[in-house]
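Notes follow once the structure below has been shown.
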Amino acid sequence: MDVQFVPKLLMSRTRWVSPVSDGSECLTAVTPLGLLSLSRHRSGVLSAGSAVGGILEDWRISLDGEALAEIRGVAPPGHPMRMQVRRGVTGHIDGVPVGISALRTLKRQHRYVAFASAEVTVEFRGRPQRVRVQERGGTVLAEKNGVVWKLPSDDRRTFAAMSLFELAGLDSFLVNPVLAVL
């Protein structure tokens, strides 16, 4: 199955990178499986030094109104969120608890975004336009070439991980850190 994520921002870019005050829908994307939407809610969890101004959010991705993926206690988009994800955050993918971690380095082969559950660890590796989703053992679950994802089967968990990766902007970890600031 071919999947293309074309997110539509439902707010200004300035508001997107600012902390939210309500549970508003921020992004939508139409896919072959239905309408994806990302909403951000203030989580109420305030811990000193963990985010800008101590404000943390819960992010939820829904497929036609049904919860698909969720990240809890994350900073608003941008540098604070990337730092927090690099240290590790928790969430749920299709109801399964996962730990989400990432690394962005100068060497391409060391850059990754990982979703680890008790059963399996799924990693996103490559460049932003050519990404491979694989299990820790090396089994390829999906590939992205350009803007189109190739998903060999209707695996809901892999689709949920791909949705979270795309809509939450986690692909920024696969960009060379030097090129990201140019």
Side-chain angles (χ1 to χ4, degrees), residues 1-7 26-27 29-33 36-38 40 57-63 67-181:
M1 171 175 64
D2 290 349
V3 178
Q4 184 175 356
F5 295 94
V6 182
C26 303
L27 284 172
V30 178
T31 68
L33 297 178
L36 282 174
S37 62
L38 181 139
R40 295 166 40 198
E57 302 173 347
D58 293 340
W59 289 28
R60 181 180 176 182
I61 294 178
S62 304
L63 179 64
L68 190 62
E70 192 174 279
I71 303 177
R72 295 193 168 276
V74 72
H79 184 68
M81 181 190 169
R82 282 193 301 274
M83 288 185 62
Q84 200 173 13
V85 171
R86 194 174 71 210
R87 283 181 268 159
V89 295
T90 59
H92 288 84
I93 291 185
D94 203 24
V96 177
V98 295
I100 304 165
S101 61
L103 183 63
R104 181 167 78 173
T105 66
L106 289 174
K107 292 188 174 187
R108 183 177 356 131
Q109 64 267 27
H110 294 251
R111 293 180 218 142
Y112 70 89
V113 176
F115 296 88
S117 70
E119 305 140 12
V120 68
T121 298
V122 175
E123 295 180 337
F124 290 76
R125 291 190 173 270
R127 298 180 292 255
Q129 295 302 316
R130 188 158 178 86
V131 180
R132 178 174 276 173
V133 183
Q134 59 191 33
E135 291 181 354
R136 185 72 37 100
T139 306
V140 177
L141 303 174
E143 287 185 304
K144 177 183 179 185
N145 193 2
V147 295
V148 178
W149 286 91
K150 301 271 188 209
L151 188 62
S153 64
D154 291 339
D155 182 9
R156 187 173 160 91
R157 285 192 186 157
T158 302
F159 179 75
M162 288 170 25
S163 301
L164 186 57
F165 177 81
E166 284 282 336
L167 297 183
L170 298 178
D171 58 340
S172 64
F173 282 99
L174 303 182
V175 175
N176 185 318
V178 174
L179 294 177
V181 294

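Atoms considered below: every heavy atom in the structure, side chains included; atoms not considered: hydrogens, waters and symmetry mates.
Partners of Val30 by side chain to side chain contact (heavy atoms under 4.5 Å, CB included), not counting sequence neighbours, listed by chain and number: Leu35. For the ring-ring contact (aromatic ring centres under 6.0 Å, His included) test, no residue two or more places apart in sequence or in another chain qualifies with Phe173. Residues satisfying the side chain to side chain donor-acceptor pair (under 3.5 Å) criterion with Arg157, sequence neighbours excluded, are Glu119. Checked against side chain to side chain contact (heavy atoms under 4.5 Å, CB included), Val178 has the following partners two or more places apart in sequence or in another chain: Leu106, Asn176. Residues satisfying the side chain to side chain donor-acceptor pair (under 3.5 Å) criterion with Thr31, sequence neighbours excluded, are absent altogether.
The distance from the CD1 atom of Ile61 to the CE atom of Met162 is 11.5 Å, given to the nearest 0.5 Å. Taking CD1 of Ile93 as the reference point, atom OG of Ser117 lies at 8.5 Å (rounded to 0.5 Å).
The two residues Leu164 and Ile100 come nearest to each other via the heavy atoms CD2-CD1, 3.9 Å. Taking all atoms of both residues into account, the shortest heavy-atom contact from Ala160 to Ala69 is O-CB, 4.2 Å. Contact detail for Ala142 and Thr158: the closest heavy-atom pair is CB-CG2, 4.2 Å. Closest heavy-atom contact between Ala29 and Leu167: CB-CD2, 4.3 Å.
Annotation: side chain to side chain donor-acceptor pair (under 3.5 Å) contacts involving residues 88-116, sequence neighbours excluded, comprise Asp94-Arg156. Sorted by first then second residue, the side chain to side chain donor-acceptor pair (under 3.5 Å) pairs that include residues 132-145, not counting sequence neighbours, are Glu123-Arg136, Arg130-Asn145, Arg132-Glu143, Lys144-Glu166. For residues 115-141, the set of pairs meeting the ring pair (Phe, Tyr, Trp, His ring centres under 6.0 Å) definition, not counting sequence neighbours, comprises Phe115-Phe124, Phe124-Phe165.
Considering only heavy atoms from C-beta on, Leu63 comes within 4.5 Å of Leu33 through its side chain. With a 4.5 Å cut-off on side-chain heavy atoms, Gln4 and Asp2 do not count as touching.
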Enumerate, atom names and distances included, each donor-acceptor pair closer than 3.5 Å involving a side-chain atom of residues 70-81, sequence neighbours excluded.
from	atom 1	to	atom 2	distance (Å)
Glu70	OE2	Arg72	NE	3.1
Glu70	OE2	Arg72	NH2	2.9
Arg72	NH1	Asp58	OD2	3.2

Start with the C-alpha gap between Phe159 and Leu36, add the side-chain angles, then the distance that decides, and say whether side-chain contact (heavy atoms from CB on, under 4.5 Å) holds.
CA-CA 11 Å; Phe159 179 75; Leu36 282 174; 4.1 Å; yes

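A perpendicular orientation is assigned to the rings of Phe5 and Trp149, their planes being inclined by more than 60° (bins at 30° and 60°).
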